[in-house]
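Structure first, commentary second.
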Amino acid sequence: MDQIFDSLIQFWQFTGFANCTWQHLVMIAIGVVFITLGIVKEWEPMLLVPIGFGIVIGNIPIFPGLNIGVYEDGSVLNTLYQGVRQGWYPPLIFLGIGAMTDFSALISQPRLMLIGAAAQMGIFGAYLLALVMGFAPNEAGAIGIIGGTDGPTAIFLSSKLAPDLMGAIAVCAYSYMALVPVIQKPIMLLLTTKKERLIEMPRPREVSKKEKIIFPVIGFICTAFIVPSGLPLLGMLFFGNLLKESGVTRRLANTAGGALIDVVTMLIGLTVGASTQADKFLTGNSLKIFGLGLLSFIIATTCGVLFVKIWNLFLKPGRKINPLIGNAGVSAVPDSARVSEVVGRGCNPANHLLMHAMAPNVAGVIGSAVAAGILLGFLG
Amino acid sequence: MKRLALILLLSASAATLRGQNLSDLIISEVLPCNDSSVVDAYGARSPWIELLNTSQGAVNFAGCYLSDDPENLRKSMIPKGDAATLLGAGQLVLLYCTGDRSQGTLYLDFVPSPGSEVYLVSSDGRTIIDSIKIPSDLPAGTSIAKFATDIKETQFDDVRPSKPTPGTFNGRHEQRSKSQMMSENDPHGFTLSLIAVSVVFSALIILFLIYNLSGNIFTGKIRLRRSRRQPDPETAAAIALALSMEGNDDAVAAAIAAALHLHYAESVHDTESGIITIQPRNASAWCDNSLNFRKTPYKK
């Protein structure tokens, strides 16, 4: 009888109930909130559902030594987590993004590329603020990249610069990517007048196939020579685009932009979520990172919109740019471009800004990869 | 063509071999008086010499010599036939200076003393690959080491006394991280931010200029070759005929001249081949009775 009782006690000690702390419950609640937002509100469900479930997985209280946790060497989760830890999931996602993205809008209106550069100010604004808040330069760089609103880039850079903060940075970046419409719209409305919102832009020209093929080759060579440290991201992005546009590697492009990116998105979401274990995530630094992430996002959007407004002062009436596409300089593709379209149509239902906004949006992807390369070069 | 390819291949191979030869070996650290550092396989604290392969490929230093006498560079030879003499990329090896080479492959026949110079000599016994001068006032237990001076850690020009670090790469462990250096040089982050913003803008401005130019070329706003074609004799005769048929109507003549100018100077019109080809077309499946699956209706 005693033996049975001892066995039951031993079994109890193995259960999650015996090892549970309030931090675990808080994190599980956060995971459930993510899943709910993804399913009910449909806010970036492809990201929030895997991350949310990953948070739940990572915060099930486990008995140490079972070799199943994400931070335990050799465990299944740890093996899957190596893609995040070593930084090879993000380039694969960039490959898929390249294979899915149509750069026509950018090629037809290359001047809008500069908006993508202006919106990267969010990264450096957050970097400066993080330094003021006492973070080391490498940590500040990793936090700053949240301002690029690019989850894979944030994971890639933080895995190199500040692995300890990677969980918080990744969750923060993806959370704010999901909240693009909520955060950007009020800033856009606040910074623009009704007259500016009504600016109609000329329809972009048709782009030939040759131009589309030349774009990734030249784009890669130029950017990689300037920032070689951004090679993994830039190389994969432009390679993916070449697969798409060449027309002779359709199967490869379909795989990169379909099955491959889906698999990697699942794994990256799940493992990033699982890496947010309560003891590592529920810290004062995480709260600071969330605050800085929000600020960087606000700075990026503000700089993008203000840059267009200032630029318009020097443009002739027929060439003016609607400042509502300034927010799209962040690299949340295509969400921020969609916000430009929605807000623009709210003012004038006949004014479609989506095609125009896609240009700074994809330029933002290139810009954030370049910015990540610079930070890695200086701080890595 | 094949010969050219072969020459290129051989040149590339030669360059590769050059990149991974004995000249990439350096004496990275010497401890002449070992009072607290590592012990050799016999448990003795012998003086040691550390060699580093700075190349990106493996280097075998069997057959090379080590010496502390410039008059006798062949003082102690590294025996051949032992895998321990093969150094991988960036790998280090410790050679113990016990004065008795018979103790093993990695044991030397001499004991370096402060004030002497240690030489690593090629297998020809004459070519000095690398050397290091041991200061005469080097305290016991302190080594003389070479530290990396470039960012890629391939140049080791900083020679100074150091706390012994046997088997450890000199440079990384003592070098401050880039983040630490940035923290000291740019504590507020303004310099980095300014540079980074400039680089991001420069990169995208360069892309803008390139795509603007290529866009102008593709849309015909800029023409790479401006051809000024002259009308051929047949065209000239046709123009003359057309003008004569129109009589003395200046307006018609001006219109023809303007059209010709646009055609030859601006190339606004397509160039037609002037050949009309009519090829017989085979019946396609939809109208071919033999392939038509719908039979003609008939009345019974």
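Please read these numbers as outputs of a predicted model, since none were measured by experiment. Chain letters run A, B, ... following the sequence lines, proteins first, then strands; residues in each count from 1.
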Point-to-point distance, once rounded to the nearest 0.5 Å, from CD1 of Ile221(A) to CG of Leu207(B):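 Separation between the atoms: 11.5 Å.
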
Quick one: CD on Gln180(B) to CG on Leu379(A), what's the gap to the nearest 0.5 Å?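 So the gap between those two atoms works out to 12.0 Å.
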
Quick one: what part of [X] sits under 4.5 Å from any heavy atom of chain B, side chain, backbone, both or neither?
{"X": "Phe225(A)", "result": "neither"}
{"X": "Phe378(A)", "result": "both"}
{"X": "Ala118(A)", "result": "both"}
{"X": "Ile366(A)", "result": "side chain"}
{"X": "Leu375(A)", "result": "side chain"}

Considering only heavy atoms and a distance below 4.5 Å, find which of [options] pairs most often with chain B.
{"options": "Glu139(A), Lys210(A), Glu206(A)", "result": "Lys210(A)"}
{"options": "Leu106(A), Asn138(A), Val370(A)", "result": "Asn138(A)"}
{"options": "Arg205(A), Met121(A), Gln109(A)", "result": "Arg205(A)"}

Using heavy-atom distances under 4.5 Å, tell me whether [X] contacts chain A through its side chain, its backbone, both, or neither.
{"X": "Ile206(B)", "answer": "side chain"}
{"X": "Leu192(B)", "answer": "side chain"}
{"X": "Leu209(B)", "answer": "neither"}

Closest approach of [X] to [Y] (non-hydrogen atoms, all atoms of both residues):
{"X": "Gly215(B)", "Y": "Glu211(A)", "answer": "CA-OE2, 3.7 Å"}
{"X": "Ile210(B)", "Y": "Cys222(A)", "answer": "CD1-SG, 3.2 Å"}
{"X": "Tyr127(A)", "Y": "Ser193(B)", "answer": "CD2-OG, 3.6 Å"}
{"X": "Ala203(B)", "Y": "Ile226(A)", "answer": "CA-CD1, 3.6 Å"}

Would the distance check show the side chain of Tyr211(B) and the main-chain N or O of Gly219(A) forming a donor-acceptor pair, the cut-off being under 3.5 Å?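 Yes; judged by distance alone, with no hydrogens or angles, the pair exists.
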
Are [X] and [Y] close enough that some pair of their side-chain heavy atoms sits under 4.5 Å apart?
{"X": "Thr223(A)", "Y": "Leu204(B)", "result": "no"}
{"X": "Phe190(B)", "Y": "Leu131(A)", "result": "no"}
{"X": "Gln120(A)", "Y": "Val197(B)", "result": "no"}
{"X": "His188(B)", "Y": "Leu128(A)", "result": "no"}
{"X": "Val207(A)", "Y": "Phe218(B)", "result": "no"}

Does a sphere of radius 6.0 Å around CZ in Phe239(A) hold more than 12 heavy atoms from other residues, nucleotides or ligands, not counting ones at 6.0 Å or beyond?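 Check fails, neighbour count at 12 or below.
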
Please determine whether the number of non-hydrogen atoms from other residues, nucleotides or ligands lying under 6.0 Å from atom CZ of Arg319(A) exceeds 12.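 Result for CZ/Arg319(A): open.
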
